[in-house]
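Only heavy atoms go into these numbers, but all of them, side chains included; no hydrogens, no water, no symmetry mates. Residue numbers start from 1 in every chain, and the chains themselves are labelled A, B, ... in the order their sequence lines are given, proteins ahead of strands.
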Number of protein chains: 2
Amino acid sequence: MSKAIQELTILKEHLTKHNLKLTRQRENILTTFLKMEHVTAEHMYRLLAKKDPHIGLATVYRTLKLLCEAGLAKEHHFGTQTQFDNVAHKGHHDHLICTDCGKIVEFENCQIERLQEEVATRNGFTIKTHRLELYGLCATCRS
Amino acid sequence: MSKAIQELTILKEHLTKHNLKLTRQRENILTTFLKMEHVTAEHMYRLLAKKDPHIGLATVYRTLKLLCEAGLAKEHHFGTQTQFDNVAHKGHHDHLICTDCGKIVEFENCQIERLQEEVATRNGFTIKTHRLELYGLCATCRS
DNA sequence: CCAGAAATTGAGAGCATGAATCATTATCAG
DNA sequence: CTGATAATGATTCATGCTCTCAATTTCTGG
Ligand SMILES: [Mn+2]
Ligand SMILES: [Mn+2]
Ligand SMILES: [Zn+2]
Ligand SMILES: [Zn+2]
C-alpha cells in the first residue's frame, strides 16, 4: 500500500467516523499537501488555484484543519506564519528556523524532552504539549 | 534608588539617545507596566482608561513596543495572545503555561539551553533567539 | 438507479489584532 | 518664550482567518 493511499485511507476513516463526506476538494488538498513537508494555507491556495481556479480559500483553511483533526497534519506558528506540517510518517519533533531564508530543519532530542518533564514536575504542572523553536542563521546564510 | 525610578531612568536615557520625548502617556504606561509581570496591550489599555479615558490604543501599542526597544519589556506570543513581559529585573527565562486558568510560571534551565546550542551546531545553525513554552495543567487545575 | 436528507462549497462579509495616517497638541532646547 | 520636532488619538487600513448562507454535491437506502 503506497503512502498516499494509506493517508487517503486514514482520512476516509476519519470522515466516516464523523459523518463527513469525501469531496473532490478534500482529495485535491490532501494530494497536494502530501507532496510537501511544511506549507501555509495561502501557499496551498495558490498551488491549488492553478488546477482549479474556483477553489475557495475558506475550503483550504477548513480542510487543513480537518487534516489536523485526522492526525495527518500539525499546525505550527512560526513567527507570523502558520505552517501545516505533514506528520503522517513522522514522530514528534521540534524545529530550527533560519530567519534569513526561511529554511526549516526538524530535530528530535529526548534529553531536552526529559528535562522539560522535570521542569514541569518541579512546578506541579502536567505537560500536554510544548513548543520549542530555535531561530537563527543556517550555514548558507551565515556566510 | 527605587526600582521604578531606576526603570524611568533607563527609559529617559533611551529617549534622549533617540531624540524622543518623555510624555505623560509614556510615564503612565511605564508606571502601570511595572506593577505586573505579564500584560497584554488590551489589558493595559483598559487599566489606563480608568485613569485617563482619552488614552489611545495606538499609543499603548506604540509605547509597549518602545519599552521593548529600551530593554524594559519583552514580547511573547502565547497561543493567540501577545503578552508583554516585565523583564527589567529578570534574566532570560522560558514559560510554563496552564491551559485552563492561564497561570504563567517562569523557569530557567541551563542544561536545556546548552542542549539547544548543541542541536543548532550539529545542524550548522547559529541561534539568535529561541522559544520554549510548556503547556499543560497546573496543580490547582489538575485536581 | 434514483430521491432526498445532510454535508460541503465558495463568495463575500465579519472579526480581531495591530500598524499606518494625519490633523492637532505637547515637549523641550536654545 | 518660541519654534522645530515629536507624540497623540480618532480613524482607517492591512492581514489572517472564520462565519454566513444560498447553491451544489455527496451518498444512503428504498
Ligand atoms: Mn516539522
Ligand atoms: Mn516571563
Ligand atoms: Zn538560511
Ligand atoms: Zn491552572
Counting only side-chain nitrogens and oxygens, does A:T80 get under 4.0 Å of the OP1 or OP2 atom of D:dG16? no

Rounding to an integer number of Å, can you tell me how far A:D52 CG sits from C:dT9 P? 11 Å

Please give, in whole Å, the distance from C:dT17 P to B:Q81 CD? 8 Å

Once you round it to whole Å, what is the distance between P of D:dG3 and NZ of B:K21? 14 Å

OP1 or OP2 of D:dT18 under 4.0 Å from side-chain N/O of A:Y61: no

Examine C:dA11: is either OP1 or OP2 under 4.0 Å from a nitrogen or oxygen in the side chain of A:H54? Give yes or no. yes

At under 4.0 Å between heavy atoms, what does A:R62 touch on the DNA or RNA strands: base, sugar-phosphate, or nothing? base

A:F125 side, atom CZ; B:L96 side, atom CG - distance, nearest 0.5 Å: 5.0 Å

Less than 4.0 angstrom between a side-chain N/O of A:T23 and OP1 or OP2 of C:dA7, yes or no? no

Could you give the CG-to-P distance, from A:L11 to C:dT8, as a whole number of Å? 11 Å

To the nearest Å, give me how far apart CZ (A:R26) and C1' (C:dG10) are. 14 Å

Could you check whether atom NE2 of A:H54 has more than 12 heavy atoms from other residues, nucleotides or ligands sitting under 6.0 Å from it? no

How close or far is atom P of D:dT5 from atom CG of B:L15, stated in whole angstroms? 18 Å

Hey, is the side chain of B:T82 poking within less than 4.0 Å of OP1 or OP2 on C:dG18, counting only N and O atoms? yes

Which is more 5' along DNA chain D, the nucleotide nearest B:N19 or the one nearest B:R24? Just name the residue. B:N19

State, with a plain yes or no, whether a side-chain heavy atom of B:N86 is found less than 4.5 Å away from one of B:K74. no

Against B:H38, only a single residue in B:Q83, B:H76, B:E106 fulfils side-chain hydrogen bond (donor to acceptor under 3.5 Å, both in side chains); can you say which? B:E106

When the distance from CD of B:E42 to P of C:dT17 is rounded to whole Å, what number comes out? 6 Å

So what does A:L22 touch, heavy atoms closer than 4.0 Å: a base, only the sugar-phosphate, or nothing? sugar-phosphate

Pick the closest DNA chain C nucleotide for B:Q25 and for A:I55 by heavy atoms, then say which residue is nearer the 5' end. A:I55

Rounded to whole angstroms, how far apart are NE2 on A:H18 and P on C:dA6? 19 Å

Around atom NZ of A:K90, are there more than 12 heavy atoms of other residues, nucleotides or ligands at under 6.0 Å? yes

